[in-house]
Trainee: 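Have a look at the structure that comes next, please.
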Amino acid sequence: MIGFLLLGLATIVPSQTLKIEFVDSEGGGSTLIVTPTGESILIDCGNPGNRDAERIAKAAKKLGLERIDHLVVTHWHLDHYGGAGTLVRKIPVNHFWDRGIPDSLPDDPTNYPVLIAAYKDVSKGKRNTLKAGDTVPLRQTESGPRVRLSCVCGSGVPKIDSKAPAGTSVKPSQMEPDPSDNAMSLGFVLEFGDFRFLDLGDLTWNKESILVYPSNLLGKIDVYQSTHHGLEVSNHPDLMRQISPTIAIFNNGPRKGAHPRVIRDLRRLDHFEQIFQIHKNITAPDSDNAPPTHVANPAEKCQALGINLEVDPTANHYTVKVGEQPKEHRFTVSKK
Ligand SMILES: [Zn+2]
């Protein structure tokens, strides 16, 4: 009888899943995470102006959030932090995390002074600097798998890990050094039990290569947010081979990212299953896009639909839902 009662109680405990909502900021960064305790993390906050801030706030409210607990900015390009000033007027943000604020930004001398002033204003007294090796402190459930957000690179420097497994054995190919702030991006691994998600912001080729050569500092990954919206100057094939993702999600725009080279390299990987895109890349043929069932917004003039991912409370499976399409795509968390 007692056993029966306990079983009865166990079934009414609310499910404590991990959710990741890929908000459509049309080629910007805006990845919203809700942990099993209900704590929220927004990695990047889209472009300046009303559009992306409105979409993020709407997505947050749909997930039942009244505030964003942590806003993490990967780097100082306007499609990643430009929306901060507007966002806080739509939904409060408790803490701000970034790579440190430079006095000037040669990449963007026109917009940076204005946008960084707005960012400083809204984050005053609430911001912290992150560097490779740091973690963002998160609350844990009493009995569920642990959730952890680790910074694996920042300001051009990878984390140090003497116990990391061997990476690629031959020095990866290199491009011309990238002097832009993309190369300074913060990068993160989000873990929930065995589930692992990678978001490297807009990190570029040469800095990606040092994460997998000579050691693999990232480990194996389940879900890969294609770096830099899926642009060709990022997504080093050696990195993608080493992390061996099961699926990739592109936060691309209709004419930005989801590059055919990146799509083809992913499809060639062992154990790789599926690609999902926020937008169809309308500049590429259908064969170099994910199938229509895996694309949230097929047309350039779009409804701004997102992609939703949910990891079950035991962290053994996860599902992906694309826009308003009824079908859920289910995947098994890989054994690392
Ligand atoms: Zn970007």
Side-chain angles (χ1 to χ4, degrees), residues 20-33 41-49 51-53 55-56 59 71-87 96-99 101-102 105-112 114-116 118-119 130 151-156 175 178-188 197-208 211 224-236 239-240 248-259 261-263 276-279 281 283 296-297 300 302 304 306-307:
I20 308 177
E21 179 77 22
F22 299 85
V23 180
D24 178 21
S25 52
E26 308 207 13
S30 41
T31 303
L32 179 59
I33 299 159
I41 307 144
L42 176 64
I43 303 184
D44 294 323
C45 57
N47 289 282
R51 186 196 69 188
D52 294 351
R55 291 177 183 179
I56 293 166
L71 168 61
V72 183
V73 172
T74 58
H75 66 296
W76 303 115
H77 281 169
L78 54 77
D79 56 323
H80 292 258
Y81 80 105
T86 320
L87 181 69
F96 295 74
W97 306 84
D98 57 58
R99 71 166 193 83
I101 298 181
L105 193 76
D107 310 5
D108 188 9
T110 312
N111 298 301
Y112 183 73
V114 180
L115 294 174
I116 205 68
Y119 178 82
L130 286 172
C151 181
V152 291
C153 61
S155 301
M175 288 188 181
D178 173 11
S180 82
D181 213 54
N182 290 330
M184 307 289 267
S185 280
L186 295 173
F188 297 91
F197 166 69
L198 181 64
D199 178 347
L200 295 176
D202 285 357
L203 200 67
T204 39
W205 200 266
N206 297 0
K207 296 296 181 186
E208 290 178 301
L211 294 173
Y224 176 48
Q225 178 178 296
S226 69
T227 302
H228 204 180
H229 321 285
L231 285 165
E232 203 187 4
V233 294
S234 299
N235 303 282
H236 197 301
L239 180 145
M240 297 199 290
I249 298 181
F250 285 73
N251 57 355
N252 63 314
R255 295 171 186 274
K256 177 183 176 185
H259 190 278
R261 193 277 298 165
V262 180
I263 301 244
F276 296 90
Q277 293 170 216
I278 292 270
H279 273 269
N281 174 2
T283 69
N297 299 286
E300 188 164 18
C302 68
I307 294 176

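No experiment lies behind these values; they were computed from the predicted model shown. Counting begins at 1 with the first residue of the sequence. In each ligand, atom 1 is the first atom listed, and ligand 1 is the first ligand listed.
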Trainee: Using a cut-off of strictly less than 2.8 Å, determine whether H80 has an N/O/S atom near the Zn ion (ligand 1).
Mentor: yes
Trainee: Looking only at N, O or S atoms, which one in D79 sits nearest to the Zn ion (ligand 1)?
Mentor: OD2
Trainee: So, taking the atom named CD1 in I43 and the one named CZ in F22, what distance separates them when rounded to the nearest 0.5 Å?
Mentor: 9.0 Å
Trainee: Measure the acute angle between the ring planes of H80 and H75, then classify it against the limits of 30° and 60° as parallel, tilted or perpendicular.
Mentor: tilted
Trainee: Would you say H77 reaches the Zn ion (ligand 1) with an N/O/S atom under 2.8 Å?
Mentor: no
Trainee: Looking only at N, O or S atoms in D202, which is nearest to the Zn ion (ligand 1)?
Mentor: OD2
Trainee: Can you tell me how the ring of Y119 sits relative to the ring of F96, calling it parallel under 30°, perpendicular over 60° and tilted otherwise?
Mentor: perpendicular
Trainee: Do D52 and S30 have side chains that get closer than 4.5 Å, going by heavy atoms?
Mentor: no
